[in-house]
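The next block holds one structure in the form of structure tokens; read it before the comments.
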Amino acid sequence: MLRVLLVDDEPFIVQGLMVFIDWKQEGYEIVSIASDGAEALDYLKENEVDLIIADIKMPVMSGLELLEKIRTEKLSEAYFVILSGYSDFSYAQQAIRFACMDYVLKPVEKEELLRVLRKVAKISEHAREDEQNKQKLEHAFLARNLISLLCGKYDEVNLEYVNSHMRLSKGVRYIYLESCESEEVQEHEEGELRKLQRRLYQACLDFLKEDSTHCILDVSLNEKNYDIGFIYCDYMAADMSCTETEYLSNLQKQLETAIQHSVRMLVGKKVADISALAKSYSTACVLNSLEAFRTKKKMYFYEEEVQIHQGGILLCKQSLDALIAAIEQNDKVHIRKSVEHLYEEMQQTGLAGDTVKLNINYLLFQLIHLATEQDDCVNQEEILHYIGESTFEEGTIRGSSVHLIHFAMEYAEYMAQLRKNISRGGILSDIEKEIRENYAENLTLRELSRKYFINSAYLGQLFRKKYGQSFKDYLNNYRMEQAAQRLLRTDDKICQIAQDVGYKDCDYFINRFISAKGCTPAKFRRRGGVFE
């Protein structure tokens, strides 16, 4: 509702204006009435309004004097409308000079006042939309500069812009927020996951209020991640007179209440200031990679998950190196024996908690290094996390020796196929045929990898290298092409076509079609495939 201040020294005129029209229906609310310009001025010093309707001639201070004073002293940016019984154009000229919106002669006619109010409402709406668009552009540009800092590819221009557009302090963390845990990703359609991500983003903005610039959408740009980035600074907890953990727990609770879904937090290492943000971001990425080997929690702190035992480092290096060698050689018998020997050694030496994590971390980083030597063009941390999750889904206990055995065997197979570096054109051709014949079915990379006896992580890499896109995107694009043909060649209903090409949700299909073709299925059909 637009707030209105009425200023007139004649009470019956004020009463008449109040009942003259339905202010609420027109989107207005009369918040105050003043009998002269001075009284109105006092009100404006303490309150904000959107529209001032003032008589031109009043005791103490006239309407023109009020207009001049609030404009020259910048007391209010409200739209101003003069009411006057005088038709002398000189008054109108003076009013226009001080940005008066309109000049209405008394006696006021209902239609004339409605015209002015609707004019003000329309201009106000456009101004509000322009301001919102401006804020979105500024937020997007700030996010670009923040991502430069996250990647470690920044200069003084990026740093200066961030410092001048954000409230910052010492003690900075990058925090990864996600509304859907990895096991749940396959159970939802992409459209639903995106909606959930946007709800989480909005909930985060609502919580942060004036600090909303600390929240970034889609930091990782990874097709499998529906993440939100949050730049935490120590002043945030200090302002709420609580500890860092209490602040983040409260944030997590508020977000979960808002979206009615669990929220996972990966809290990166604390760094001195915003210039070192890339270090904190990289540690959050490490947490994401290693999370597949940890007991499931809703909040992980880097310092708690990856730390050195105070009594000194106790690394079972000989057993670990033997396991790494067995994985590299794809020797399943020795993989099993090496894992069992590693766990026996850790138990015998009394290792637990943080020191066990240290040994597992050493193993994982060495495996990433081995894979990178074979092919540095793929995201090896993503592969490591994917394989770790897939072995957990087989029903093993996360972090157990059985889990590690399954993981090591699958990673060994992945390494063997990566090392061969041979053409897989035959398998990809078979998969292309599979898509052509069964595109409407629930095809997944994992099921196809089992059918064609190839590691699913490696198959995903091969697919992306050949087609320049993920398997999921390739399948969705193929479905869109089949739907387009059906729209042009048949009179079948759109929802039936959606179901026949593999989409149970007709609305989701329509949104995908618009994204792919630039128009709705109905418009595509009407124009015979030609669209703007």
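We number each residue from 1, following the sequence as shown.
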**Item:** Rounded distance (nearest 0.5 Å) linking atom CD1 of I13 with atom CG of D8
**Value:** 4.5 Å
**Message:** What's the separation between atom CG in L251 and atom SG in C204, rounded to the nearest 0.5 Å?
**Reply:** 5.5 Å
**Message:** Could you check whether Y247 and D234, counting side-chain N and O atoms only, form a donor-acceptor pair closer than 3.5 Å?
**Reply:** no
**Request:** Would you mind checking if E178 and K298 are paired as a salt bridge, meaning a charged N to carboxylate O distance below 4.0 Å?
**Result:** no
**Prompt:** Should we count CG of D491 as having more than 12 external heavy atoms under 6.0 Å?
**Reply:** no
**Fill in**
One should read off an interatomic distance between Y43 OH and I52 CD1, to the nearest 0.5 angstrom, of 10.5 Å
**Item:** Distance (rounded to the nearest 0.5 Å) between L443 CG and K472 NZ
**Value:** 12.5 Å
**Message:** Between the side chains of R128 and D50, is the shortest nitrogen-to-carboxylate-oxygen separation below 4.0 Å, so that they form an ion pair?
**Reply:** no
**Item:** Whether over 12 other heavy atoms sit under 6.0 Å from E48 CD
**Value:** no
**Request:** Say whether Q202 and D206, considering side chains only, have a donor N or O and an acceptor N or O under 3.5 Å apart.
**Result:** yes
**Message:** Can a donor-acceptor pair be found, under 3.5 Å and without considering hydrogens, that links the side chain of H214 to the backbone of I231?
**Reply:** yes
**Item:** Test item: Y28 side-chain N/O and A121 main-chain N/O as donor-acceptor pair under 3.5 Å
**Value:** yes
**N158 (side chain) donor-acceptor with D155 (main chain) under 3.5 angstrom** = yes
**Request:** Check whether the side chains of R194 and Q197 place a donor and an acceptor atom closer than 3.5 Å, and report yes or no.
**Result:** yes
**Message:** Do Q252 and E256 pair up side chain to side chain, a donor and an acceptor below 3.5 Å, judged on atom types alone?
**Reply:** no
**Asked** Is there a donor-acceptor pair under 3.5 Å between the side chain of D55 and the backbone N or O of M58?
**Response** no
**Message:** Looking at L208, is its backbone amide N or carbonyl O close enough to the side chain of S212 to form a donor-acceptor pair, meaning the two atoms are under 3.5 Å apart?
**Reply:** no
**K122, R115, R118 screened by salt bridge (charged side-chain N to carboxylate O under 4.0 Å, His left out) with E26, the one that passes** = R118
**Prompt:** Think R167 forms a cation-pi with Y235, using NZ or CZ under 6.0 Å from the six-ring centre and within 45 degrees of its axis?
**Reply:** yes
**Message:** Checking the side chain of S280 only, and the main-chain atoms of K269 only, is there a donor and an acceptor separated by less than 3.5 Å?
**Reply:** yes
**Request:** Please confirm whether the backbone N or O of Y232 pairs with a side-chain atom of R173, one donor and one acceptor, at under 3.5 Å?
**Result:** no
**Request:** Verify, without hydrogens or angle tests, whether S249 (side chain) and T245 (backbone) share a donor-acceptor contact under 3.5 angstrom.
**Result:** yes
**Request:** Over 60° means perpendicular and under 30° means parallel, so classify the ring planes of Y161 and H165, tilted if in between.
**Result:** parallel
**Request:** Could you label the plane-to-plane angle of the Y174 and Y281 rings as parallel, tilted or perpendicular, counting under 30° as parallel and over 60° as perpendicular?
**Result:** perpendicular
**Spacing of CD belonging to E303 relative to OG1 belonging to T283, to within rounding of 0.5 Å** = 7.5 Å
**Asked** So H139 and Y201, would you call those rings parallel, tilted or perpendicular, with 30° and 60° as cut-offs?
**Response** tilted
